[in-house]
Amino acid sequence: MGAVPGWLLRHQVRIEPHIGDGAYGPIYGPEATVRAMVDDTVRIVRAPTGAEVTSSSTIYTRRGVVCPPGSRVTLPSGRRTTAITTADRDGGGLPTPDHQEVTLE
């Protein structure tokens, strides 16, 4: 199947990738607007630190979108949140939609 079909990516989100930390807090890269599907389901996820964290939303985008944990994400509703985890979903040639899943605070 390859990449997730564009018609499934009904929303636009703005992502400011986390690129490091400075003396005054997090440092973000330039903002990019990407097409995504937003799922506002609350669930428990494991953060990169190993802690269990409550995720209030998940976005699904095409593979290759730069959104490491700690990135700032603005949802279509205007709510600004932070990325907890990012997972690359590659079907390895199986007939499944390849995509990237980002869980958000």
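Nothing here was measured: the structure is a model prediction, and the numbers come from that model.
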> Looking at Pro17 and Pro30, what are the two nearest heavy atoms and their distance?
Replying inline: CD-O, 3.4 Å

> Are Leu104 and Thr82 side-chain neighbours, meaning at least one heavy-atom pair lies under 4.5 Å?
Replying inline: no

>> Check for me, please, whether Val102 and Val34 land in the same ILVMFWY cluster - side-chain distances under 4.5 Å, paths through other members count.
In response: yes

>> Using every non-hydrogen atom in the two residues, find where Arg79 and Ser56 come nearest and quote the distance to one decimal.
In response: NH2-OG, 3.2 Å

> How far apart are the closest heavy atoms of Arg62 and Pro5, and which atoms are they?
Replying inline: NH2-C, 4.3 Å

> Where is the tightest heavy-atom contact between Asp39 and Tyr60, given as atom of each residue plus distance?
Replying inline: CB-CE1, 4.0 Å

> Do Asp40 and Ser57 meet the criterion of a side-chain donor-acceptor pair at a distance under 3.5 Å?
Replying inline: yes

> Would a 4.5 Å heavy-atom cut-off, applied to side chains only, mark Val13 and Thr33 as touching?
Replying inline: no

>> Taking salt bridge (Lys or Arg N to Asp or Glu O under 4.0 Å) as the cut-off, I'd like each qualifying pair that reaches into residues 15-27, sequence neighbours left out, listed once.
In response: Glu16-Arg72, Glu16-Arg80

>> On a heavy-atom basis, which atom in Leu8 and which in Met37 lie closest, and how many Å separate them?
In response: O-CB, 3.6 Å

> Hydrophobic clusters join Ile, Leu, Val, Met, Phe, Trp and Tyr when side-chain heavy atoms are under 4.5 Å apart, directly or via other members; which others share one with Ile27?
Replying inline: Ile19

> Are Val73 and Val65 linked, directly or through other ILVMFWY residues, by side chains that come within less than 4.5 angstrom of each other?
Replying inline: yes

>> Assess whether a salt bridge exists between Arg43 and Glu105, defined as any Lys/Arg side-chain N lying under 4.0 Å from an Asp/Glu carboxylate O.
In response: no

>> Once rounded to the nearest 0.5 Å, what's the spacing between atom OG of Ser71 and atom CD of Glu31?
In response: 12.0 Å

>> Please tell me whether Thr103 and Thr85 have a donor and an acceptor in their side chains that are separated by less than 3.5 angstrom.
In response: yes

>> Contact between Thr86 and Pro68 at the side-chain level, heavy atoms closer than 4.5 Å - yes or no?
In response: no

> So, for Gly91 and Asp98, which heavy atoms are closest and what is the spacing to 0.1 Å?
Replying inline: N-OD1, 2.7 Å

> Going by distance alone, is a donor N or O of one side chain under 3.5 Å from an acceptor N or O of the other, for Thr96 and Arg89?
Replying inline: no

> Once you round to the nearest 0.5 Å, how far does OG1 of Thr61 lie from CD1 of Ile15?
Replying inline: 6.0 Å

> When you look at Val45 and Glu52, which way does the side chain to side chain contact (heavy atoms under 4.5 Å, CB included) test go after all the steps?
Replying inline: CA-CA 6 Å; Val45 298; Glu52 288 186 346; over 6 Å; no

> Taking only residues two or more places apart in sequence or in another chain, which ones pass salt bridge (Lys or Arg N to Asp or Glu O under 4.0 Å) with Arg35?
Replying inline: none

